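The figures that follow rest on heavy atoms only: side chains count, while hydrogens, waters and symmetry mates do not. Every value quoted in this text rests on a predicted model; they were computed, and no experiment measured them. Below, read A as the first sequence line, B as the second, and so on, with proteins coming before strands; counting in each chain starts at 1.
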Amino acid sequence: MPELPEVEVTRLSFASQIAGSTVLSAYLGKPLRWPLQCDVDDLKGLTVLGVRRRGKYLLLDLADGTNPAGLLLMHLGMSGSLHFKAWSKNAMRTALGKHDHFELVTHKGILKLNDPRRFGAVVFAPSEQSAIAQKLLGNLGVEPLSDSFDAKQFHAELKRKQTSIKQVLLAGELVVGVGNIYASEALFLAGIRPTTSASKISYPRVVKLHAAIQDVLARAIVKGGSTLQNFSSAKGENGYFQLEANVYDRAGLPCLVCKTPIKRIVQGQRSSFYCPTCQKP
DNA sequence: CACGGATCCTGATGGC
DNA sequence: TGCCATCAGGATCCGT
């Protein structure tokens with residue numbers, strides 16, 4: 001499910017509410033992608049300082065009193081979502097739901113990770129420099145909405161890639177956060193076919209792609225992300241960007257620009273959608 | 001090293 | 001209604 005916009009929308013929807021809270025207890029459901037890497041009870045008493053995002057990961061910074069105490073890395077996989085419920089009068093903790101696999105009870109409210117397919121993860125790392133954190137975050141590309149995402153550098157890096165532009169975007173090794181929806185959408189906006197060899201895209205076209213990636217991700221965040229089946233923010237709000245998709249999940253339907261039927265192909269076992277007229281090899 | 005494919009898991013959907 | 005096949009927002013691991 002969640003690509004960068006959905007993860008950022010999730011972060012924005014609960015970060016200020018959980019910041020400064022103390023962990024009262026924590027619970028695990030079925031196994032996620034990786035083990036937590038600490039005893040779940042070791043989280044008790046720690047303070048959640050705030051919530052950052054790196055790529056599609058959320059990072060909850062933890063402290064023990066005034067001392068840094070590591071961080072929780074959370075990933076939503078394909079089908080995950082977080083939900084935060086502030087305490088209300090007479091509220092009680094309830095049992096974990098069928099697909100709730102992690103729960104953090106704090107004195108400000110309860111954070112739950114719901115993830116039917118369990119491709120997501122919650123991992124404790126003692127610091128951002130620790131081996132486990134570096135394994136998960138160390139090879140991530142640049143943040144697309146930051147100044148470090150530079151068109152000239154992007155072009156130079158694409159020159160070295162021997163595969164299609166769609167697969168390079170999905171790999172997240174050059175630039176993070178662009179998943180299957182937004183890769184197809186950004187390539188449409190840039191007029192580039194997903195099958196085009198990354199190394200053969202001219203600099204002016206890379207400049208267009210660079211702008212398209214930033215544009216589509218930023219607009220998706222404003223729209224609350226894309227809700228296909230089960231994504232919602234930590235407040236339970238759905239996203240609406242899928243209604244603005246030009247090509248994603250529109251196989252056979254007319255291109256909104258030129259009326260040519262949208263094509264669906266498979267690359268790396270993932271669907272790609274494109275307009276054969278608007279997007280050039 | 002870089003690439004392509006298989007793989008983890010559950011649920012929704014469509015054809016027969 | 002049931003059964004089966006296919007597909008789904010990700011990304012790691014393994015073989016070549």
Between [X] ([atom1]) and [N] ([atom2]), how many Å, whole number?
X        : N      : atom1 : atom2 : answer
A:Leu32  : C:dA11 : CG    : P     : 15 Å
A:Lys166 : C:dG10 : NZ    : P     : 9 Å
A:Lys56  : C:dA11 : NZ    : C1'   : 8 Å
A:Leu158 : B:dA2  : CG    : C1'   : 15 Å
A:Asp249 : C:dC7  : CG    : C1'   : 10 Å
A:Met78  : C:dC7  : CE    : C1'   : 9 Å
A:Leu169 : C:dA11 : CG    : P     : 13 Å
A:Glu3   : C:dG10 : CD    : C1'   : 9 Å

Among [options], which nucleotide has an atom closest to any side-chain atom of [X]?
X        : options               : value
A:Trp34  : B:dC9, C:dT12, C:dG10 : C:dT12
A:Thr163 : B:dC3, B:dT10, C:dA8  : B:dC3
A:Tyr248 : C:dA8, C:dT12, C:dG10 : C:dA8
A:His99  : B:dT10, C:dC7, C:dT12 : B:dT10
A:Lys30  : B:dA6, B:dT10, C:dA8  : B:dT10
A:Lys135 : C:dC7, B:dG4, C:dC13  : C:dC13
A:Arg33  : C:dG10, B:dC3, B:dC9  : C:dG10

Let's test your reading of the model: under 3.5 Å, does the base of C:dA8 pair with the side chain of A:Arg117 as donor and acceptor?
yes
So A:Ser184, base contact, sugar-phosphate only, or nothing? Heavy-atom distance under 4.0 Å.
nothing
Using a cut-off of 4.0 Å on non-hydrogen atoms, how would the nucleic acid contact of A:Gly268 be classed: base, sugar-phosphate, or nothing?
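Touches nothing.
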Is it the case that one hydrophobic cluster holds both A:Val216 and A:Val206, taking links as side-chain heavy atoms less than 4.5 Å apart, direct or via other members?
yes
Is it the case that A:Gln267 and A:Ser164 place a side-chain donor and acceptor less than 3.5 Å from each other?
yes
Just by distance, no angles: are the side chains of A:Asn180 and A:Lys166 close enough, under 3.5 Å, to form a donor-acceptor pair?
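Checked: A:Asn180/A:Lys166 side chains pair up, N/O donor to acceptor below 3.5 Å.
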Got a sec, which residues hit salt bridge (Lys or Arg N to Asp or Glu O under 4.0 Å) with A:Lys44, two or more places apart in sequence or on another chain?
A:Asp41
On the nucleotide [N], are OP1 or OP2 found under 4.0 Å from the side-chain N or O atoms that [X] carries?
X        : N      : result
A:Lys161 : B:dA2  : no
A:Arg118 : B:dC8  : no
A:Lys98  : B:dG11 : yes
A:Ser271 : C:dA8  : yes
A:His75  : C:dG10 : no

Is NZ or CZ of A:Arg250 both nearer than 6.0 Å to the six-membered ring centre of A:Phe188 and within 45° of the ring axis?
no
Aromatic-base stack, A:Phe119 on C:dA11, cutoff 5.5 Å, angle under 30:
no
When rounded to the nearest Å, what value does the distance between P atoms of B:dC9 and C:dC3 take?
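It works out to 23 Å between them.
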For the pair A:Glu128 and A:Arg52, find out whether any cationic side-chain nitrogen is under 4.0 Å from an anionic carboxylate oxygen.
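Here A:Glu128 pairs with A:Arg52 in a salt bridge, since their nearest N and O are under 4.0 Å apart.
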Determine the stems involving DNA chain B; a stem requires 3 or more consecutive pairs of the Watson-Crick or G-U wobble kind, each with both distances below 3.5 Å, and the answer is none if no such run exists.
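Stems found: B:2-8 with C:10-16, B:10-16 with C:2-8.
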Where does the angle between the aromatic ring planes of A:Phe241 and A:Tyr182 fall among parallel (under 30°), tilted (30 to 60°) and perpendicular (over 60°)?
tilted
State, yes or no, whether a side-chain contact exists between A:Leu145 and A:Leu4 at a heavy-atom distance under 4.5 Å.
yes
For A:Ser25, which of A:Leu43, A:Val40, A:Leu104, A:Val105 qualifies under side chain to side chain contact (heavy atoms under 4.5 Å, CB included)?
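So, applying the side chain to side chain contact (heavy atoms under 4.5 Å, CB included) to A:Ser25 and each of A:Leu43, A:Val40, A:Leu104, A:Val105, only A:Val105 qualifies.
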